[in-house]
S.K.: 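Sharing a structure with you now.
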Amino acid sequence: KKVADLLLETKRSKTKRGVSTVVYDTEESNVYTRAEWYHQDYKTKNNLRIAGVLIAFVLDYASALAPPDVASVLQVLRTSLAVAVVASMLPQFVPAFDKFFG
(Lines give C-alpha, C1' and ligand atoms only; values in the text may rest on other atoms or scores of the structure.)
Protein backbone atom coordinates (compact mmCIF):
# COMPACT_ATOMS: atom_id res chain seq x y z
CA LYS A 1 0.00 0.00 0.00
CA LYS A 2 2.86 2.39 0.79
CA VAL A 3 4.33 1.83 -2.65
CA ALA A 4 0.98 2.45 -4.29
CA ASP A 5 0.53 5.67 -2.29
CA LEU A 6 4.02 6.78 -3.24
CA LEU A 7 3.35 6.12 -6.91
CA LEU A 8 0.11 8.09 -6.73
CA GLU A 9 2.00 11.03 -5.21
CA THR A 10 4.57 11.20 -8.01
CA LYS A 11 4.50 14.17 -10.29
CA ARG A 12 5.09 13.73 -13.98
CA SER A 13 6.49 16.53 -16.07
CA LYS A 14 7.46 16.83 -19.72
CA THR A 15 10.82 18.16 -20.82
CA LYS A 16 11.45 20.07 -24.05
CA ARG A 17 12.26 16.87 -25.94
CA GLY A 18 9.09 15.08 -24.88
CA VAL A 19 10.83 12.73 -22.43
CA SER A 20 8.81 12.29 -19.29
CA THR A 21 10.51 12.25 -15.92
CA VAL A 22 9.23 11.03 -12.58
CA VAL A 23 9.77 13.22 -9.53
CA TYR A 24 9.27 11.74 -6.05
CA ASP A 25 8.65 13.66 -2.87
CA THR A 26 11.11 12.15 -0.42
CA GLU A 27 11.59 12.42 3.29
CA GLU A 28 14.80 11.77 5.19
CA SER A 29 14.78 8.40 6.89
CA ASN A 30 16.09 7.86 10.39
CA VAL A 31 16.04 4.08 10.03
CA TYR A 32 19.41 2.36 9.66
CA THR A 33 19.79 -1.36 9.21
CA ARG A 34 23.21 -2.85 9.84
CA ALA A 35 24.38 -5.28 7.17
CA GLU A 36 25.13 -8.91 7.93
CA TRP A 37 28.31 -9.56 9.90
CA TYR A 38 30.20 -10.92 6.90
CA HIS A 39 29.64 -7.69 4.96
CA GLN A 40 31.29 -5.56 7.66
CA ASP A 41 34.80 -4.26 6.87
CA TYR A 42 34.56 -5.69 3.35
CA LYS A 43 37.41 -3.59 1.95
CA THR A 44 39.84 -4.77 4.62
CA LYS A 45 38.77 -8.40 4.27
CA ASN A 46 38.95 -8.25 0.48
CA ASN A 47 42.46 -6.75 0.56
CA LEU A 48 43.58 -9.54 2.90
CA ARG A 49 42.10 -12.15 0.55
CA ILE A 50 43.88 -10.64 -2.44
CA ALA A 51 47.14 -10.59 -0.49
CA GLY A 52 46.57 -14.22 0.51
CA VAL A 53 46.04 -15.31 -3.09
CA LEU A 54 49.16 -13.44 -4.24
CA ILE A 55 51.26 -14.99 -1.48
CA ALA A 56 49.90 -18.43 -2.44
CA PHE A 57 51.10 -17.86 -6.02
CA VAL A 58 54.52 -16.73 -4.78
CA LEU A 59 54.78 -19.80 -2.54
CA ASP A 60 53.85 -22.03 -5.48
CA TYR A 61 56.53 -20.45 -7.65
CA ALA A 62 59.09 -20.62 -4.83
CA SER A 63 58.34 -24.29 -4.23
CA ALA A 64 59.19 -25.04 -7.87
CA LEU A 65 62.63 -23.48 -7.40
CA ALA A 66 63.37 -24.76 -3.90
CA PRO A 67 65.03 -28.05 -2.89
CA PRO A 68 62.54 -30.90 -2.36
CA ASP A 69 62.50 -30.76 1.45
CA VAL A 70 61.83 -26.99 1.46
CA ALA A 71 59.40 -27.29 -1.46
CA SER A 72 57.14 -29.66 0.50
CA VAL A 73 56.91 -27.17 3.37
CA LEU A 74 56.14 -24.32 0.94
CA GLN A 75 53.41 -26.39 -0.70
CA VAL A 76 51.79 -27.09 2.67
CA LEU A 77 51.89 -23.36 3.47
CA ARG A 78 50.42 -22.52 0.06
CA THR A 79 47.60 -25.04 0.43
CA SER A 80 46.81 -23.87 3.96
CA LEU A 81 46.70 -20.26 2.83
CA ALA A 82 44.47 -21.08 -0.14
CA VAL A 83 42.07 -23.01 2.12
CA ALA A 84 41.96 -20.07 4.56
CA VAL A 85 41.13 -17.64 1.74
CA VAL A 86 38.32 -19.86 0.42
CA ALA A 87 36.99 -20.46 3.95
CA SER A 88 36.86 -16.71 4.57
CA MET A 89 34.54 -16.34 1.56
CA LEU A 90 32.14 -19.17 2.46
CA PRO A 91 29.76 -17.08 4.60
CA GLN A 92 29.00 -14.92 1.57
CA PHE A 93 27.89 -17.95 -0.43
CA VAL A 94 26.33 -20.20 2.22
CA PRO A 95 23.45 -18.58 4.17
CA ALA A 96 23.61 -21.26 6.87
CA PHE A 97 26.80 -19.63 8.25
CA ASP A 98 24.72 -16.63 9.29
CA LYS A 99 22.90 -18.75 11.88
CA PHE A 100 26.17 -19.66 13.62
CA PHE A 101 28.15 -16.42 13.36
CA GLY A 102 25.49 -13.73 12.99
Side-chain angles (χ1 to χ4, degrees):
K1 179 166 166 82
K2 289 181 181 181
V3 174
D5 290 338
L6 182 62
L7 289 174
L8 290 174
E9 293 174 13
T10 60
K11 302 172 189 173
R12 294 190 182 271
S13 63
K14 292 273 186 178
T15 62
K16 292 180 184 178
R17 297 183 184 156
V19 178
S20 64
T21 59
V22 178
V23 179
Y24 294 96
D25 291 330
T26 60
E27 296 176 9
E28 188 173 330
S29 175
N30 294 330
V31 178
Y32 175 78
T33 304
R34 189 166 171 85
E36 290 86 358
W37 64 273
Y38 50 85
H39 289 301
Q40 303 299 319
D41 300 321
Y42 179 78
K43 184 177 179 184
T44 302
K45 291 176 187 176
N46 199 40
N47 288 342
L48 289 172
R49 289 178 187 134
I50 291 170
V53 169
L54 291 175
I55 292 170
F57 280 120
V58 169
L59 288 172
D60 190 44
Y61 180 74
S63 68
L65 302 175
D69 55 337
V70 176
S72 63
V73 172
L74 292 176
Q75 288 175 350
V76 168
L77 287 173
R78 181 213 52 200
T79 303
S80 301
L81 186 58
V83 167
V85 168
V86 170
S88 75
M89 293 187 296
L90 281 178
Q92 296 177 30
F93 303 116
V94 182
F97 278 91
D98 206 28
K99 293 178 185 175
F100 299 108
F101 299 108

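Along the sequence shown, residues are numbered consecutively beginning with 1. Here the structure is a predicted model, which is why all the values come from computation and not from measurement.
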S.K.: Using the rule that Ile, Leu, Val, Met, Phe, Trp and Tyr join whenever any side-chain heavy atoms are under 4.5 Å apart, tell me whether V53 and M89 fall into a single cluster.
M.R.: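 The answer is yes; both residues are in one hydrophobic cluster.
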S.K.: Are V70 and F57 connected in a single hydrophobic cluster, I mean Ile/Leu/Val/Met/Phe/Trp/Tyr linked by side-chain heavy atoms less than 4.5 Å apart?
M.R.: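 In one cluster: no.
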S.K.: So how far is it from Q75 CD to D60 CG, rounded to the nearest 0.5 Å?
M.R.: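 Going from CD on Q75 over to CG on D60, the span is 7.0 Å.
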S.K.: Do you know the tightest heavy-atom contact between S63 and A71?
M.R.: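 Closest approach of S63 to A71, heavy atoms only: O-CB, 3.2 Å.
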S.K.: State the CG-CG distance between L59 and L54, to the nearest 0.5 angstrom.
M.R.: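 One gets 11.0 Å once the value is rounded to the nearest 0.5 Å.
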S.K.: Does one side chain, of S88 or R49, offer a donor that lies under 3.5 Å from an acceptor on the other?
M.R.: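 Side-chain D/A pair, S88 to R49: present.
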S.K.: Return the CG to OG1 distance between L48 and T44, rounded to the nearest 0.5 Å.
M.R.: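 Interatomic distance, L48 CG to T44 OG1, rounded to 0.5 Å: 7.0 Å.
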S.K.: Would you compute the distance between atom CG of L74 and atom CG of D69 and round it to the nearest 0.5 angstrom?
M.R.: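 CG of D69 is found 10.0 Å from CG of L74.
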